[in-house]
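Presented below is the structure to which this report refers.
The model shown is predicted, which means the values in this text are computed figures rather than measured ones. Indexing begins at 1, ligand by ligand and atom by atom, following the structure's order.
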Amino acid sequence: MVAIATDRLTKVFDDGTIAVDDVSLEARSGEFLVLLGPTGCGKSTILRLVAGLEEATSGHVLLDGEVVDGLDTRDRRIAMVFQDYALYPHLTVAQNIGFPLRAEHETPDEITARVAEVAEELGIADLLRRLPRHLSGGQRQRVAMARAIARRPRAFLLDEPLSNVDAGLRAELRADVATLARRLRVTTLYVTHDQSEALAMADRVAVLRRGRLEQIGPPGQVYDDPASLFVAAFLGTPRTNLLQGAVYADGGRVVLDLGSQVIELPSDDPRLAALAARHTERVTVALRADALAPVAADAAAGPVLRGAVRAIENLGHEALVRLTTGMLPTSVPESRLELPDTGQHLSDVLADEPPRGHPVRHTLSRMIPHQRQDEPPATARTEYGFYPVYEAERSAEPSPGELVVRVPSPRLPRRGEPMTVAVDLDRLLLFDRGGARIRLDRP
Ligand SMILES: Nc1ncnc2c1ncn2[C@@H]1O[C@H](COP(=O)(O)OP(=O)(O)OP(=O)(O)O)[C@@H](O)[C@H]1O
């Protein structure tokens, strides 16, 4: 299997849209790499560049370390599966799977044998005579995968292949797709805007925002150790609590001031000096729901936050409890996930004087962009780029400074009740005003 790499890959479309901006990443041989980001962040364009369906403005695509920029799509031997499967409706399953082989001029016997082999591998051998319209969504998905692997591709590119499947089946198919790719040990680039899907499937996740790579790492790492506020905000359900704060150091005491409440660091905390050096700095404090644990009002030894229960969402084994706290949500733009990411336009970069060393600025300063259009991106397929399932929640009144806490079901509080939560300081994340992570444990 091949390693797929991009080296400073950049794609600016003719209308000036910077779809991919200086992206260098690698999917190792046999790896399942998920490209994750909001709609319009450039995921599909990266796939199309890797497949050779689109020409890069600058930078390179490499297969096993070799630059393939000039290589024809067919000669790259990479299979792509798109979200609409694109099965031929008038052809049977067997004919659909065999179609790419016919184009390769294989003999009918060879085609029949390979179709049977692939169908067996995907558990669809009994469907070979059916037409696509007589298949379920999941079965169609498998046929599309079978067709993609029939040519023994060196790599798989999957573009939101599960987006047309209903939620229940999605979870099942997601496991199927990942298992299949791993069994075949095909290097796979898998595109999704669904963070839970990415975390569940990936060997590593590459998080993209506005055409740029924000972070790449194993799911546990991008979740627990986000490099930026955007990554912290984008990953995790329920959404990470993101609060406005400021650092205050007074004598030996260091506190994170959250407006109406404070988090004080213990006097023996190893991060004390590093945080004290940021006295009066404004920060975003990120606390995932699982970094907060309900405690008795007077029992906690460490720092606590207090609030009143505003809403309880019962999930069966546990509930998500929303507390009003009097604190303020962060105002840093990188934390806002509600709108589709409209991306960057070349005119924004070129108008940005004095030059700030933007990587595409130099490559592209000779191009004359058209005016930016204020229309939403043509590829935006959902009204919201993020968590479409949270629609109902978003339309509710915004509640400033709310904290979301997980509470085990047997101990559910009542609405309006006061609640105290202990803060796990090891899981508290800090970001600066630009949305970059503040790491207190490193110089
Ligand atoms: N042919 C094109 N001409 C101009 N702009 C384009 C073209 N194709 C894509 N774009 C723009 O490039 C940006 C990246 O698009 P891309 O389809 O790669 O995003 P994406 O992350 O895959 O989004 P989605 O999740 O909605 O598929 C978007 O702003 C999109 O509008």
Side-chain angles (χ1 to χ4, degrees), residues 4 6 9-25 27 33-59 61 73 78 80-86 156-165 170 174 188-198 201-202 205-216 230-231 234-235 337-350 358-360 363-364 367-389:
I4 303 172
T6 67
L9 196 63
T10 298
K11 176 67 185 179
V12 183
F13 284 107
D14 289 345
D15 67 353
T17 302
I18 304 171
V20 179
D21 189 355
D22 204 36
V23 170
S24 300
L25 53 76
L33 180 72
V34 176
L35 304 183
L36 170 70
T39 185
C41 73
K43 308 177 293 289
S44 303
T45 307
I46 293 178
L47 283 202
R48 295 176 58 78
L49 288 162
V50 169
L53 298 170
E54 209 77 69
E55 201 180 325
T57 308
S58 64
V61 172
T73 303
I78 293 178
M80 273 190 97
V81 180
F82 297 97
Q83 49 182 269
D84 52 7
Y85 322 137
F156 254 160
L157 305 181
L158 306 177
D159 193 349
E160 309 227 24
L162 304 182
S163 59
N164 289 340
V165 180
R170 231 178 128 97
R174 144 202 307 178
T188 304
L189 288 186
Y190 183 101
V191 158
T192 182
H193 63 266
D194 179 336
Q195 51 94 28
S196 56
E197 187 165 293
M201 295 177 89
V205 184
V207 186
L208 293 148
R209 174 174 183 260
R210 300 187 165 195
R212 308 211 68 176
L213 180 64
E214 290 266 318
Q215 188 170 5
I216 181 166
F230 175 78
V231 176
F234 194 51
L235 269 75
L337 303 181
E338 286 78 12
L339 294 170
D341 195 333
T342 51
Q344 268 206 104
H345 192 267
L346 190 57
S347 56
D348 298 340
V349 175
L350 295 175
H358 191 288
V360 297
T363 333
L364 305 169
M367 290 181 64
I368 302 162
H370 299 247
Q371 272 313 95
R372 172 165 203 150
Q373 293 161 2
D374 278 334
E375 290 161 16
T379 52
R381 277 181 281 268
T382 55
E383 185 185 355
Y384 301 98
F386 296 76
Y387 311 138
V389 290

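- Ligand 1 is never approached by Gly37 to a heavy-atom distance shorter than 4.0 Å.
- Residues passing the side-chain hydrogen bond (donor to acceptor under 3.5 Å, both in side chains) test with Thr188, sequence neighbours excluded: none.
- Checking each of Val205, Leu36, Val207, Leu33 against Ile216 for a side-chain contact (heavy atoms from CB on, under 4.5 Å) leaves exactly one that passes, namely Leu33.
- Every atom of ligand 1 is numbered from 1 in the order shown, and the set under 4.0 Å from a heavy atom of Cys41 is 19 (O), 20 (P), 21 (O).
- In terms of N/O distances under 3.5 Å, ligand 1 is not approached by Phe13.
- Atoms of ligand 1 found under 4.0 Å from any heavy atom of Pro38 (numbered from 1 in listed order, with element): 21 (O).
- In summary, the side chains of Asp194 and Ser196 do present a donor paired with an acceptor at a separation below 3.5 Å, with no hydrogens or angles considered.
- Near Asp15, meaning under 4.0 Å from one of its heavy atoms, ligand 1 places the atoms 4 (C).
- For Gly211, the closest heavy-atom approach to ligand 1 does not fall below 4.0 Å.
- For the 3.5 Å distance criterion, the side chains of Asp159 and Ser44 qualify, holding a donor opposite an acceptor.
- Contacts of Thr17 with ligand 1, taken as heavy-atom pairs under 4.0 Å, involve the side chain alone.
- Residue Gly42 has at least one nitrogen or oxygen atom sitting less than 3.5 Å from a nitrogen or oxygen atom of ligand 1, judged on distance alone.
- In this structure, Thr10 contributes its side chain and Asp22 its backbone to a donor-acceptor pair below 3.5 Å.
- Among residues two or more places apart in sequence or in another chain, the salt bridge (Lys or Arg N to Asp or Glu O under 4.0 Å) test is passed with Glu54 by Arg48.
- For Ser44, a nitrogen or oxygen atom sits less than 3.5 Å from a nitrogen or oxygen atom of ligand 1, counting backbone and side chain alike.
- A donor-acceptor pair is defined here as one N or O able to donate and one able to accept, closer than 3.5 Å; no such pair exists between the side chain of Thr6 and the backbone of Val61.
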